[in-house]
Number of protein chains: 2
Amino acid sequence: MNRPPTIKDVAERAGVHAATASRALNPATRGMVNARTASRVAEAARALGYAPNSAARSLRTRTSSVAGVIIPDLRNPVFPPIVRGIEDGLRDAGYMALVGNTDGDPDRERELVTAMRGRQIDGFILATSRRSDELTSSVPTVLVNRRTDNGGIPSVTADNAAGIHLLVRHLTDLGHTRIGHVAGPRDLSTGWERYRGYLDATTSLGLEAATDAVEFAGAFTETAGHAATLRLLAAHPSLTAVLAGNDLIALGCYSALAELGRTVPGDVSVTGFNDMPFVDRQRPSLTTVRIPHYDIGREAARLLLERIASPTAPAKRVVLPVELVRRDSTAAAQS
Amino acid sequence: MNRPPTIKDVAERAGVHAATASRALNPATRGMVNARTASRVAEAARALGYAPNSAARSLRTRTSSVAGVIIPDLRNPVFPPIVRGIEDGLRDAGYMALVGNTDGDPDRERELVTAMRGRQIDGFILATSRRSDELTSSVPTVLVNRRTDNGGIPSVTADNAAGIHLLVRHLTDLGHTRIGHVAGPRDLSTGWERYRGYLDATTSLGLEAATDAVEFAGAFTETAGHAATLRLLAAHPSLTAVLAGNDLIALGCYSALAELGRTVPGDVSVTGFNDMPFVDRQRPSLTTVRIPHYDIGREAARLLLERIASPTAPAKRVVLPVELVRRDSTAAAQS
DNA sequence: TTGTAGGCGTTATCAC
DNA sequence: GTGATAACGCCTACAA
């Protein structure tokens, strides 16, 4: 239980001064030191099992090689693969992730940001932003999955518009012309961009009455999707297809349609968004758009490291491609 | 972009010495200081937006209020609620979680442990342990979900044996007497304890031939479960019920039985373990045992904090109760 | 190429 | 009850 070795111990063992040991151990300054002494120091460090004290290093250099990752709730199946991607992306650069959940509460988010700043975080990856957020962080920050309307902060998101276009195209290919939309919350870029994509796709394909065949779900949840679907079909009973804002909303569509005595896909086709785990095993299996969650996370980590290296470079907005996954919840329209 | 305020700034503004400010701000030492100066300091800190520099504090106190959480893979649906529970449990005490994934690789695990130690972690929560691991950490450590055979390290797990008893009892109540087991890996406490529970329950209920009606799946995955189920039914074609090591293995049972032309639950009843998300929506919905993932995480955090406070107290092994969830994958045995 | 010295911000110890 | 001081371990001008 004796103290871990310090750089002084290493220096002593190698017969040099602490400053020399420090230079020898740091790749960036290794060149300043005689190659033979350098390897002697390295050997001593290895023998002692020396690991630099990061608190001391942070205090001195004002960097920590730690990134703060703030998400709404890890239990939402969208986030685990994203966080995993972030972790893997950070690891390559020797960074680690401090993870915090907000449950969508802005106060909680502020608390977390403050607490993490106090811990000398080098940067933030936020998955919690609303479209209207005006983030003015002095710390390098990257948005993931969601983004703000204001493009000042780098972000990594899926191509929501393209995904919706793929779905609408898939449905029109099946002969559908009366396609409704159960949209996600308007204040989140995911909900909003998919809604805009729906408007674009339907109008550009010349489908009538699309603009008002929309209901907004209060949240990306099954229950909110259920309620919104009931409202949508009450107003538009003749719809033959429903585009849901995401997979959970689509599951809400399933139950609402069942409640209304409509079959999927016999009477109404339903589509989701995200391709979260196990939607391929629902009854019926869900036609949806696959978004590359893990890659989104990894890319966000890359962007953050880039940003830390050059904080004043212009903010990139990376949009990753998505993929249509045809399954059994969509079928030819009944005429 | 000027430097964040230090305790010296706060002291100056309050007209006291830095040491006094430090005492005033620290709840533990607040008593040493005059109440009026204390509140003057607090006010100055608030006005300046002072947040202590945790690197300096860590350097001085050798504590960081950060815990390392090491898991196999966040994408395994068991872990998100556990990690979330840990995070919530730590937060109450002002701790944060540094999360790392190992993919079950012991080398990777060692790397992570070393790296986190270098970061002045106050303790570890490990979800990666194998039964045979001999952990001899000088840092407070708690095992979660899995544990080692050697009881020297505190752990928080679900009551696997009780869960299996509930399932076996449920099946015998339905008239089953020929119950097989597709077990999880023997080297993990989860797989092992459920296997032992199966032996106990079947023998204590006087079911014949139970001991050899077991196949071990190579992993807690659907494919491993599928393969093991085929082996089990080849050797024991007359089984009317299969107890799977966990939910994913149970899904493998489903597909294997379908491949063999047996219906669930008509020909064979199947049970899982964990009650992971969406198994209630499989066809058929899965009878399983619900384990309190979130509470397990929270309790692990509590235990770790306790351990940090008194590192030499005897190691508790906390076992949390589980609950039978009856669904459609089990039915009365055909006679 | 290597050694010396000072300081990062905080807290513990000692003196008043 | 408060102030002065030193030390935690590391890094980096600057000096040699």
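So that the names make sense, note that chain A is the first sequence line, chain B the second, and so on, each numbered from 1.
The local environment of CD in B/E12 is sparse, with at most 12 non-hydrogen atoms from other residues, nucleotides or ligands closer than 6.0 Å.
Where B/A51 and B/R23 meet DNA chain C, the nucleotide closest to each residue was compared, and B/A51 sits on the side nearer the 5' end. Positionally, the nearest nucleotide of DNA chain D for B/V16 lies more toward the 5' end than for the other of A/A55 and B/V16. Comparing A/N53 and B/A38 by the nucleotide of DNA chain D that holds the closest heavy atom to each, the one mapping nearer the 5' end is B/A38.
Looking at heavy atoms from C-beta onward, A/R110 lies in side-chain contact with A/P106 at the 4.5 angstrom threshold. Under the 4.5 Å side-chain criterion, counting only non-hydrogen atoms from C-beta, A/L304 is in contact with A/P140. The shortest side-chain heavy-atom distance between A/D159 and A/P321 does not fall under the 4.5 Å cut-off.
Rounded to whole angstrom, the span from the CD atom of A/Q120 across to the C1' atom of C/dG9 amounts to 9 Å. For the pair A/R119 CZ and C/dT10 C1', the interatomic distance rounds to 15 Å; values are reported in whole Å. Whole-Å rounding puts the A/I7 CD1 to D/dT12 P distance at 11 Å. For the pair A/R62 CZ and C/dG7 C1', the computed distance is 11 Å after rounding to whole Å. Atom CZ in B/R57 sits roughly 18 Å away from atom C1' in D/dG9 (whole-Å rounding). Per the geometry, CE belonging to B/M32 stands 15 Å off P belonging to D/dG3, to the nearest Å. Between the P atom of C/dA12 and the CG atom of B/L25 lies a distance of 13 Å, rounded to the nearest Å. Between B/H17 atom NE2 and C/dG9 atom C1' the separation is 12 Å, expressed in whole Å.
The pair B/R40-B/E43 does not count as a salt bridge, with every side-chain nitrogen at least 4.0 angstrom from each carboxylate oxygen.
When the nucleotides D/dG3, D/dA7, D/dG1 are ranked by their closest atom to the side chain of B/R60, D/dA7 comes out on top. For B/A56, taking side-chain heavy atoms from C-beta onward, the closest of the listed nucleotides C/dT10, D/dG9, C/dT2 is C/dT10. When distances are taken from the side chain of B/L59 to each of D/dC10, D/dG9, C/dT2, the shortest belongs to D/dG9. In the set C/dA12, C/dT1, D/dT2, the nucleotide with an atom closest to the side chain of B/V33 is D/dT2. Comparing atom distances between the B/T61 side chain and each of C/dA12, D/dT2, D/dT12 picks out C/dA12 as nearest.
Among residue pairs with one or both ends in residues 49-62 of chain B, those qualifying as side-chain hydrogen bond (donor to acceptor under 3.5 Å, both in side chains) are B/T61-B/T63; sequence neighbours excluded.
The shortest distance between the side-chain N/O atoms of A/T29 and the OP1/OP2 oxygens of D/dT12 is not below 4.0 Å. Using a 4.0 Å cut-off, some side-chain N or O of B/S22 falls inside it from OP1 or OP2 of C/dT11. The phosphate of C/dT2 has OP1 or OP2 within less than 4.0 Å of a side-chain N or O from A/T37.
For the pair B/S65 and B/D122, the tightest heavy-atom approach, listed with the atom from each and the gap, is N-OD2, 2.7 Å.
Of the candidates A/V156, A/T157, A/I291, A/L126, A/I291 is the only one forming a side chain to side chain contact (heavy atoms under 4.5 Å, CB included) with A/N145.
With the 3.5 Å cutoff on both pairing distances, Watson-Crick and G-U pairs in DNA chain D assemble into runs of at least 3 at C:1-16 with D:1-16.
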